[in-house]
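Just so we're on the same page: letters track the sequence lines, and every chain starts at 1.
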2 protein chains.
Amino acid sequence: MTAAQLSIGDLARDSGVKVQTIRYYETIGLLPVAERSAGNQRRYSEAHRERLRFLRHARELGFTLDQIRSLLSLSESPDMPCEQADRIAREHLETVEQRLERLKTLQTELQRMLRQCAGGKVEDCRVIEVLSDHTLCATEHGHREVAETPAET
Amino acid sequence: MTAAQLSIGDLARDSGVKVQTIRYYETIGLLPVAERSAGNQRRYSEAHRERLRFLRHARELGFTLDQIRSLLSLSESPDMPCEQADRIAREHLETVEQRLERLKTLQTELQRMLRQCAGGKVEDCRVIEVLSDHTLCATEHGHREVAETPAET
DNA sequence: CTTGAACCTACAGTGGCTGTAGCTCCTATC
DNA sequence: GATAGGAGCTACAGCCACTGTAGGTTCAAG
């Protein structure tokens with residue numbers, strides 16, 4: 001059943017992963033190479049669909065592509081102990097928790113900065129002032145521990 | 001006083017910003033072009049030092065280089081109202097708070113995953129299972145709202 | 001004068017995509 | 001069967017904020 005052979009667009013709609021991203025996953029070997037139609041277009045099976053869903057879900061949970069690569073290959077050997085999978089998840093959780101700590105500190109500091117700014121001229125601006133002088137900060141943020149990161153989306 | 005004319009290495013040690021990064025800031029116009037010694041090496045003044053400290057501090061607080069560009073140019077017009085600086089800081093705070101929310105959700109979900117895993121075989125692994133099936137999740141994470149980001153350092 | 005650390009430029013690589021240019025292919029309608 | 005336009009194809013550049021490398025030059029101490 002369901003031998004539907006999806007096009008890349010179908011797969012994109014199904015999984016919520018963009019067409020280009022699906023092709024990207026193929027080029028980096030995360031998604032197995034798809035068969036092609038007579039006119040050289042990719043045709044996907046149910047197995048691809050499942051793998052891509054796994055991929056997407058793991059990305060949503062913030063795993064890196066490298067971690068996902070490991071998790072995917074683990075999921076293909078059902079008889080192995082799941083220590084490794086656990087370790088990857090625990091490591092990721094730790095990363096997430098470190099980032100949380102860092103972001104909470106930033107939040108506090110930014111709130112403080114904004115609360116203290118009376119909204120006058122730049123000359124007296126607390127925001128600018130604090131940025132110019134770290135000793136005005138309440139906390140020891142940064143210092144190359146866990147740094148900030150740009151946002152996706 | 002202090003007309004010391006620092007080398008790029010001195011400046012790096014002073015600010016905690018790496019030599020290459022200082023050069024990078026110059027090429028993208030965040031740090032004014034430095035004078036050069038007879039042998040073509042960069043020589044920095046006190047003004048550079050202050051600007052770089054501002055830069056570093058703002059980076060530690062997670063502002064983007066574009067935001068810092070604006071903040072720096074604002075800090076050079078002390079007579080302007082500080083609305084803009086405030087707006088930038090508020091926007092950044094919002095970003096930070098969105099990321100915090102997102103990370104808290106991830107933390108919860110990862111903890112749940114790990115707690116439920118009995119540590120047997122991959123076949124029965126809760127980690128792998130949850131990744132394969134989003135409906136096993138307690139929360140609606142992801143879906144292209146505010147996504148995860150890689151870590152610096 | 002020699003050594004070696006620090007400096008210089010130019011460019012490639014990181015992660016995880018995203019966007020563009022310039023094609024070809026597929027399908028629905030006329 | 002012709003045509004239009006949406007979907008697909010490849011190849012490659014760009015994003016952010018750096019970081020690292022190669023291969024050369026300059027500087028300061030001994």
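The closest donor-acceptor contact from the side chain of A/H57 to the backbone of B/S132 lies at 3.5 Å or more, if one exists at all. In terms of modelled atom types and a separation under 3.5 Å, the side chain of A/H92 and the main chain of A/L61 share a donor-acceptor contact.
The interatomic distance linking B/Y24 (OH) with D/dC16 (P) rounds to 8 Å, in whole Å. Rounding to whole angstrom units, NZ of residue A/K18 and C1' of D/dA7 are separated by 16 Å. At whole-Å resolution of the value, CG in A/L11 and P in D/dA7 are 15 Å apart. As a whole-Å value, the separation of A/L61 CG from C/dG16 C1' is 17 Å. Rounding to whole angstrom units, CD of residue A/Q20 and C1' of D/dC12 are separated by 13 Å. Protein atom CZ of A/R69 is 12 Å distant from nucleotide atom C1' of C/dG15, rounded to whole Å. Distance B/Q67 CD to D/dA17 C1': 13 Å, rounded to the nearest Å. A/I22 has its CD1 atom 10 Å from the P atom of D/dC9, to the nearest Å.
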Query raised in the report: Which letters describe nucleotides 3-10 of chain C, given B = protein heavy atom under 4.0 Å from base, S = only from sugar-phosphate, - = neither?
Result: ----SSB-
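Side chains of B/S45 and B/Q5 form a contact here, defined as non-hydrogen atoms less than 4.5 Å apart. Between B/Y25 and B/V17 the shortest side-chain heavy-atom distance falls below 4.5 Å.
For C/dC17, the OP1/OP2 oxygens have a side-chain nitrogen or oxygen of A/Y25 closer than 4.0 Å. Between B/T64 and D/dC16 there is no side-chain N or O to OP1 or OP2 distance below 4.0 Å.
Defined by atom type and a distance below 3.5 Å, a donor-acceptor pair is present between the side-chain atoms of A/Q111 and B/E97.
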Scan the side chains in residues 70-82 of chain B for donor-acceptor partners under 3.5 Å anywhere in the protein, sequence neighbours excluded, and list what turns up.
unit_1	atom_1	unit_2	atom_2	d
B/S70	OG	B/D66	O	3.3
B/S73	OG	B/S70	O	3.2
B/S75	OG	B/L72	O	2.7
B/E76	OE2	B/R51	NH1	2.6
B/S77	OG	B/S73	O	3.3

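Applying the 6.0 Å contact sphere to CD of B/E91 captures more than 12 heavy atoms from other residues, nucleotides or ligands.
Of the residues near DNA chain C, A/A38 and A/T21, the one whose nearest nucleotide (by heavy atom distance) lies more toward the 5' end is A/T21.
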